[in-house]
**Student:** 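Below is the structure I would like to discuss, written out as structure tokens.
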Protein chains: 2
Amino acid sequence: MTTNSSRLDDAARAGWLYYVAGNTQDQIARKLNVSRQSAQRLVSLAVSEGLVKVRIDHPIAHCLELASRLKSRYGLDLVEVVPSDPGSSSTTVGVAEAAAAQIEQRLSGQDPIIMAIGTGRTLKAAIEKLPSMECPQHKVVSLTGNIAPDGSAAFYNVVFTMADKVKSRSFPMPLPVIASSQEERALLHQQPMIQATLALSAKADVTFVGIGDLGPNAPLFVDGFISRDELAALNEAGAVAEIVGWAIDAGGKTLEGITNDRVASSPIPSRKSGLVVGIAKGPAKLPGIAAALAGGLINGLITDEETASALIGQGQ
Amino acid sequence: MTTNSSRLDDAARAGWLYYVAGNTQDQIARKLNVSRQSAQRLVSLAVSEGLVKVRIDHPIAHCLELASRLKSRYGLDLVEVVPSDPGSSSTTVGVAEAAAAQIEQRLSGQDPIIMAIGTGRTLKAAIEKLPSMECPQHKVVSLTGNIAPDGSAAFYNVVFTMADKVKSRSFPMPLPVIASSQEERALLHQQPMIQATLALSAKADVTFVGIGDLGPNAPLFVDGFISRDELAALNEAGAVAEIVGWAIDAGGKTLEGITNDRVASSPIPSRKSGLVVGIAKGPAKLPGIAAALAGGLINGLITDEETASALIGQGQ
DNA sequence: CAGGCTGATGAGTAATTGCCCATGAGATAG
DNA sequence: CTATCTCATGGGCAATTACTCATCAGCCTG
């Protein structure tokens, strides 16, 4: 542990000398009494461990314009559009950083707030970009269960990681994501602890959710939460996307039946009482984002240029 | 202007693709349809224009330890210790970033605050690291005059730059830094507008000041605010440093006479009612920092490892 | 319109960085 | 005690980046 943390210490120091003080890796090597190669390794360790946070502080005109058009067209309260990286296939790069910045800002206030968090790869990536903070005044509540089909804690449940980083009180949902039957769900939801957590979600001041597509590589299916047959049935019924497990159709309506009557997640908090921010980019998510906007499920959106353009184009 | 801002736009985009999306400059060049060299120039422009903000998110153990020892030894409320860059002669690198982060955090709250700001190279550098913000709820007040001896607005008056960046209401002091006589100072201070500004300073919730040394290269002398003779007289009288123009001795007491009876700055806000943060590093400033601490003029300090070590060592 | 200034551009080149690999120290299991 | 494994290290080299320089377009100035 000592080795490990002192290694990270050195990495942070090397990263600092490199990025803040502008030293070359040669100079760092001399100052830290290591070889040039080791200095390089320390710097790259600092980067890969997420110790180095970069932000670009300039409102790129095109992104701003897209954001304001999206805002007025869909009556949204918060829109962030980040530049696209044409050719990159990542579905998180950029939006994760922007989401982290938003989350950080909301948490940096003194007044206690309740923040509800969904799940998924995008949100996971966003949480990883969060800096360490001291926010014991806030409450972070999970909207979805954290038990995977095999009984383990689901990898993409992000509330633990988040609460750990920002030192907030956390309220996970010790439930499967989708119960095996309606009866099981009802039973689970009757537990006092779960009741309290559900009640807390409903009062969330600000909510961040990913938007999952329901194509052939739907995360819900890939991660084993639903079967291939269920996925097909959802598609058949017109589902285009899923938010914290709830399948929605192109109009943003929550479907009846199929998996939805067994989803153990909290309802998506109302956008009447708080801010509900969707975080998603990429062509696969486009129908889902459009649906969520159409149905008024979200009143905030963090996406990228390409997706924003497409959203504006298709409404014409 | 269009060219200029679209150039910065491109620079921001290039910086984003480089630092956030991890492209090489070759890829960026292709994506932005410019030559590789131009892409390199855009990236470096983004850096030199301060569009790219890097922070290292790891509490380096040694810095933390120094900070907590300084805190308890001098009864301070806020101490930040950043890594040192051994061999660098810069007096701002590192502390400027840390100060900017502190300022940003104070300004990001919703509740209106009054922030008082000194002057000097260190503070100037810190302000340059601030991101653009929207903070019309706050008031930023200058502690010192902004008229240079030649009648121009002094370069190091930082309130304008700052108010511009964060969109706060600003209260500069349209005065010389040091009046030509006690009578002139009294007259100037009687102006209603100045009175109001002085009153505002006294109520500051948080104050950031640099600490100027009074050695042969004292900024006050180099920038022409005081003459060589006055500098010598101050040294003779035991002055070791100066805070917003007020010369102090090794015990942190404000000297009587010499230049001090003509300094047109506000008094340093009381640390009883608010936080007064000194920002300084380096051997030249060491006596000044020690004096400010000894006299209880500040209850917050942002400095670097080496300076922090020296401060702890000399008290033994 | 000539002259001169400013600033952008791409070629060329030196400096810096990233990465692969062989080596060896130290840990661990048998 | 030995075989084996893991992992940090530095050499070497290719890729990438930074910088210098000559050129040229645009733009004031007289």
Side-chain angles (χ1 to χ4, degrees), chain A residues 1-58 60-62 83 85-90 93-94, chain B residues 1-56 58 60-62 83 85-90 93-94 128:
Chain A
M1 191 61 206
T2 302
T3 347
N4 203 7
S5 83
S6 97
R7 186 166 171 77
L8 274 188
D9 235 63
D10 284 346
R13 197 174 284 272
W16 190 91
L17 287 168
Y18 190 66
Y19 288 104
V20 180
N23 285 265
T24 72
Q25 298 180 351
D26 248 326
Q27 295 173 291
I28 297 169
R30 279 195 294 276
K31 286 169 187 177
L32 298 186
N33 275 317
V34 295
S35 70
R36 212 241 339 133
Q37 289 89 336
S38 298
Q40 196 273 325
R41 280 182 195 109
L42 285 174
V43 172
S44 100
L45 181 67
V47 174
S48 67
E49 288 291 312
L51 269 41
V52 178
K53 307 272 161 78
V54 182
R55 65 180 165 170
I56 307 293
D57 179 35
H58 183 80
I60 297 181
H62 188 228
D85 179 9
S88 155
S89 59
S90 165
V93 73
Chain B
M1 193 56 204
T2 302
T3 347
N4 202 8
S5 81
S6 96
R7 188 168 166 75
L8 276 187
D9 237 62
D10 284 346
R13 196 173 285 273
W16 190 90
L17 287 168
Y18 189 67
Y19 287 105
V20 180
N23 286 267
T24 74
Q25 298 179 350
D26 250 328
Q27 295 173 290
I28 296 169
R30 281 195 293 275
K31 287 171 186 175
L32 298 186
N33 275 319
V34 295
S35 69
R36 191 189 63 73
Q37 287 92 331
S38 298
Q40 195 273 325
R41 280 182 193 109
L42 286 174
V43 172
S44 100
L45 181 68
V47 174
S48 66
E49 289 291 312
L51 269 42
V52 179
K53 307 272 163 77
V54 182
R55 64 180 167 169
I56 305 293
H58 183 81
I60 297 181
H62 188 227
D85 179 8
S88 155
S89 60
S90 164
V93 73
E128 278 169 2

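Sequence lines set the chain letters: A, B, ... in the order given, protein chains first and strands last, and positions in each chain run from 1.
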**Student:** Between the side-chain atoms of B/R41 and the base atoms of C/dG10, is any donor-acceptor pair under 3.5 Å?
**Tutor:** yes

**Student:** Taking A/N23 for its side chain and A/L17 for its backbone only, find out whether a donor-acceptor pair lies under 3.5 Å.
**Tutor:** yes

**Student:** Show your reasoning for whether side chain to side chain contact (heavy atoms under 4.5 Å, CB included) applies to A/E49 and B/H58.
**Tutor:** CA-CA 10 Å; A/E49 288 291 312; B/H58 183 81; over 6 Å; no

**Student:** Output the rounded distance in Å from CG (A/L45) to P (C/dG18).
**Tutor:**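 After rounding, the gap between these two atoms is 13 Å.
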
**Student:** Atom CD1 of A/I28 to atom P of C/dT16: distance rounded to whole Å?
**Tutor:**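 That distance rounds to 12 Å.
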
**Student:** Rounding to an integer number of Å, can you tell me how far A/N33 CG sits from D/dA8 P?
**Tutor:**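 Atom-to-atom, A/N33 to D/dA8, this comes out as 19 Å.
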
**Student:** Counting just side-chain N and O atoms, does B/S38 come under 4.0 Å of either OP1 or OP2 of C/dG10?
**Tutor:**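 Yes.
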
**Student:** As an exercise, state the distance from CG of A/L45 to CD of A/Q40, rounded to the nearest 0.5 Å.
**Tutor:**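 It is 10.5 Å, given to the nearest 0.5 Å.
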
**Student:** What is the minimum heavy-atom distance between A/A12 and B/I56, and which atoms define it?
**Tutor:**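 Taking every non-hydrogen atom into account, O-CG2, 3.8 Å.
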
**Student:** Below 3.5 Å is the cut-off: list the nitrogen or oxygen pairs between protein and nucleotides 13-18 of chain D, distance only.
**Tutor:**
unit_1, atom_1, unit_2, atom_2, d
D/dT17, OP1, B/Y18, OH, 3.4
D/dT17, OP2, B/Q25, N, 2.9
D/dA18, OP2, B/Q25, NE2, 2.7
D/dA18, OP2, B/Q40, NE2, 3.0
D/dA18, N6, B/R36, NH2, 3.0

**Student:** OP1, OP2 of D/dT9 versus side-chain N and O of A/S35: anything below 4.0 Å?
**Tutor:**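 For D/dT9, neither OP1 nor OP2 has a side-chain N or O of A/S35 closer than 4.0 Å.
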
**Student:** So does A/D85 get a backbone contact from the side chain of B/K31, meaning a donor-acceptor N/O pair under 3.5 Å?
**Tutor:** no

